[in-house]
Structures are given as structure tokens and as C-alpha cells.
Amino acid sequence: AKEQGKNTYRFFSQDLHARVEERIKVETCLRRALERDELFLLYQPQLDLRTGRMVGMEALLRWNHPELGVLTPDKFIGVAEETGLILPIGQWVVATACLQAKAWQQQGFAPLRLAVNISGRQFNHPCFIDLLDQVLEDTGFNPGLLELELTESTIMENADITIMTLTDIKVRGINLAIDDFGTGYSSLSYLKHFPFDRLKIAQSFVQDVTSDADNAAIVDAVIAVAHSLNIRVIAEGVETRQQLEFLFQRQCDELQGFYFGRPISVDQFTELLRAGF
Ligand code: C2E
Ligand code: CA
Ligand code: CA
């Protein structure tokens with residue numbers, strides 16, 4: 001038993017060592033990723049459920065790693081948060097997305113809402129509002145078309161400061177969405193304390209609304225409360241016709257998900273716009 005304990009210890013320490021090495025490697029590469037232009041954005045359509053028309057898009061970050069290929073955020077956002085690299089990266093995301101959305105407008109396409117994910121560390125940074133202003137000024141993007149997506153944990157990190165920052169954002173005419181609703185603190189009561197325009201029902205709830213009666217009831221209640229507070233509701237991760245029909249019946253306002261469209265490149269998105277969606 002003693003021998004085994006020792007082996008287990010060795011196993012864990014080697015495993016930990018490998019994980020630390022891996023993290024350092026990711027960090028070093030991530031530092032260079034911005035300079036080397038390895039980051040890019042995909043755009044996923046958001047649809048109005050009544051009209052079936054595209055009303056917005058969400059910018060989603062990707063990293064074209066020189067050895068590992070294209071990485072999704074779950075592989076590197078954690079390291080970016082821990083190291084503070086999320087600050088320059090987050091700023092790059094906001095600026096690049098606004099510039100792209102503006103370019104689509106200049107190409108003559110109807111203006112669409114642009115949703116951008118904001119990390120906790122980015123949102124809570126004292127310069128966040130100044131940096132936002134800078135992007136809006138540099139790009140000339142209409143703040144009324146910009147939407148910031150914040151998670152429940154970001155909002156709850158420091159609720160007093162959050163209220164002030166959110167108010168500063170609203171004063172500029174920028175929209176606010178609460179992301180992944182239902183996965184965090186999930187308190188409907190705090191919705192009335194924060195000036196949110198939109199609530200995004202988390203994928204995990206949407207996924208089995210058609211098979212799980214409890215989930216269906218929760219989604220129903222969330223939509224009703226949100227509407228009573230004048231907050232629009234968008235369902236994330238809609239993959240099937242059945243989910244879409246359920247959401248349509250329950251007065252959900254918008255949807256986003258593979259059923260209508262995956263996150264796609266700038267060129268592919270331009271094609272979609274050309275096709276008249
Ligand atoms: P999120 O904000 O909840 O974004 C939605 C995620 O669900 C995206 O994953 C998207 O590709 C995926 N998705 C969309 N529709 C469907 C569907 O129908 N089925 C399934 N199974 N998945 C769907 P992605 O692009 O890998 O992003 C993961 C997370 O990384 C995002 O979750 C967001 O929290 C974070 N993220 C992405 N871009 C950024 C960014 O620019 N900045 C920050 N801070 N975080 C970002
Ligand atoms: Ca999001
Ligand atoms: Ca989400």
C-alpha cells in the first residue's frame with residue numbers, strides 16, 4: 001500500500017509538472033499571437049423568432065496556433081485571464097469586431113447588432129470604459145448596435161462597481177446582455193437591479209427543453225419574468241426544429257445556434273449577407 005501511495009504521488013506530480021509546462025507554453029505563444037496576427041473572429045447569426053430574419057451576430061474568438069491549428073477559447077481563455085493577456089486580447093476583439101461590422105455597413109448591408117463577449121477581468125478593469133470609448137471613436141461604430149455579453153459571475157464579482165459600470169455603458173447607448181443565464185447564480189431577482197436589455201438562456205437549458213419537463217418549466221418562467229421586466233430573451237445553442245418550435249410557442253424573442261448557423265468566417269458571413277438573410 002505504501003509503495004502504491006508513492007507511485008500515486010509520483011504520478012500526480014508528473015502530471016502536474018506536465019500541466020504547468022503546458023500552461024507556460026500556451027502563455028508564451030499567446031503573448032506572441034496578437035503580434036503575429038494569429039487571432040481571428042468568427043461570427044454567428046442571431047435570428048428574430050417571429051420574422052425569421054437575422055437581427056444580429058455574436059463575435060467568437062479563435063486562435064490559429066502555428067502548431068496546434070485552430071483553437072477554441074476554452075483552450076486559452078483561462079490562461080489569458082490568469083496572465084492578464086485577456087486585456088489586450090479583449091481590446092483587440094472589441095476593436096476588430098466593431099471595425100468589421102462597420103465595414104459591412106459600408107458595403108451597403110443593413111445594420112445588424114454586434115454582440116461581443118467581455119471577460120470578468122476586462123470588465124472590472126478601471127480603464128474598461130475609456131477603452132470602449134476609444135474603439136467607438138476610432139471606428140465610428142454606432143453604440144446602439146453594440147451589445148456586450150457578460151456572464152453572471154462577472155456581474156456578481158463586485159456588484160457595487162458593476163452597477164456603476166453598467167450605467168456608464170447604458171449612458172453611451174450600448175446594449176447589455178447577460179450570457180449563459182441559468183448556469184451561475186441564476187437569480188431572477190437581481191435582473192431588476194441591473195439594466196440588461198437581453199438575457200441569453202444557456203445552451204444547457206435549451207438542449208433538453210423538449211425532453212425534460214423541469215427544464216421546460218424553467219425556460220418558461222425565465223422568459224415570463226424577463227418579459228415582465230422588459231428584457232428580451234435569446235436562446236443559445238438551438239440545434240433542432242423541436243427546440244425552435246418550443247421556443248416559438250413560449251414567446252422567446254430570438255435564437256442563436258447550429259440549427260440556423262454555426263459561427264462562420266468573415267467571407268462566409270459576407271456571403272450570408274449577400275444572400276439576403
Ligand atoms: P458563449 O459566449 O456561450 O458562446 C457560445 C458558444 O456556443 C460558442 O462556442 C459557439 O460556437 C457555441 N455554439 C453556438 N451555437 C451552438 C449550438 O447550436 N450547439 C452547440 N453545441 N454549441 C453552439 P465557442 O466559440 O467555442 O466559445 C466558447 C466560449 O468562449 C464562449 O461561450 C465565450 O464564453 C468564450 N469566448 C468566445 N469568444 C470570446 C471573446 O472574444 N472574449 C471572451 N472573453 N470570451 C470569448
Ligand atoms: Ca456569449
Ligand atoms: Ca453563452
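One-based numbering, in listed order, for ligands and for the atoms of each.
Here the heavy atom of the protein found nearest to atom 10 (C) of ligand 1 is L60 CD1, 3.9 Å. In terms of protein heavy-atom proximity, atom 20 (C) of ligand 1 is nearest to Q203 NE2, 3.0 Å. Of the protein's heavy atoms, P263 CG, 3.3 Å lies nearest to atom 11 (O) of ligand 1.
Considering backbone and side-chain atoms together, E239 places an N or O closer than 3.5 Å to an N or O of ligand 1. Every N/O-N/O distance between D74 and ligand 1 stays at or above 3.5 Å.
At a heavy-atom distance under 4.0 Å, no atom of K200 approaches ligand 1. Of the heavy atoms in S119, both backbone and side-chain atoms come closer than 4.0 Å to ligand 1. At a heavy-atom cutoff of 4.0 Å, ligand 1 is contacted by no atom of L42, backbone or side chain.
Within ligand 1, counting atoms from 1 as listed, the ones closer than 4.0 Å to a heavy atom of G257 are 15 (N), 18 (O).
Across P45, A59, P73, heavy-atom proximity to atom 30 (O) of ligand 1 is greatest for P73. For the residues L61, N117, V94, the heavy atom positioned nearest atom 2 (O) of ligand 1 is part of N117. Among E58, Q44, R262, E236, the residue whose heavy atom lies nearest to atom 15 (N) of ligand 1 is Q44. When the heavy-atom distances from atom 3 (O) of ligand 1 to D180, I86, L39 are ranked, the shortest goes to D180. When F123, F258, Y259, W92 are checked for heavy-atom proximity to atom 13 (N) of ligand 1, F258 turns out nearest.
For E236, the nearest N, O or S atom to the Ca ion (ligand 3) falls under 3.0 Å. Among the atoms of E149, an N, O or S atom falls under 3.0 Å of the Ca ion (ligand 2).
By the 4.0 Å N-to-carboxylate-O rule, R31 lies close enough to E27 to be salt-bridged with it. Salt bridge present: R172 and D133 bring a charged side-chain N and a carboxylate O closer than 4.0 Å. By the 4.0 Å N-to-carboxylate-O rule, E82 lies close enough to R23 to be salt-bridged with it. Between R32 and E35 no salt bridge is recorded (no basic side-chain N to carboxylate O distance below 4.0 Å).
For the residue pair A59 and A97, the shortest heavy atom distance occurs at CB-CB, 4.1 Å. Listed here is the closest heavy atom pair of C98 and T139: CB-OG1, 3.8 Å.
E254 pairs in a side chain to side chain donor-acceptor pair (under 3.5 Å) with only one of the listed residues (K200, R232, R113), which is R113.
D212 contributes a side-chain N or O that, together with a main-chain N or O of N215, makes up a donor-acceptor pair within less than 3.5 Å. Between the side chain of D180 and the backbone N or O of T183 there is no donor-acceptor pair closer than 3.5 Å. Side chain of N175 to main chain of D197: no donor-acceptor pair is present (N/O by atom type, distance under 3.5 Å, no hydrogens or angles).
Restricting D180 to its N, O or S atoms, the one at the least distance from the Ca ion (ligand 3) is OD1.
In this structure, atom 34 (O) of ligand 1 has its sub-4.0 angstrom surroundings free of protein heavy atoms.
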Decide side chain to side chain contact (heavy atoms under 4.5 Å, CB included) for V94 and F128; before the verdict, give the C-alpha distance in whole Å, the side-chain angles of both, and the deciding distance to 0.1 Å. CA-CA 11 Å; V94 179; F128 179 62; 5.5 Å; no

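In this structure, OE2 of E58 and OD2 of D179 enclose an angle of 170° at the Ca ion (ligand 2), rounded to 10°.
Residue Q122 places every heavy atom at 4.0 Å or more from ligand 1.
Follow the hydrophobic side-chain contacts under 4.5 Å out from V70 and you never reach L61; the two are in separate clusters.
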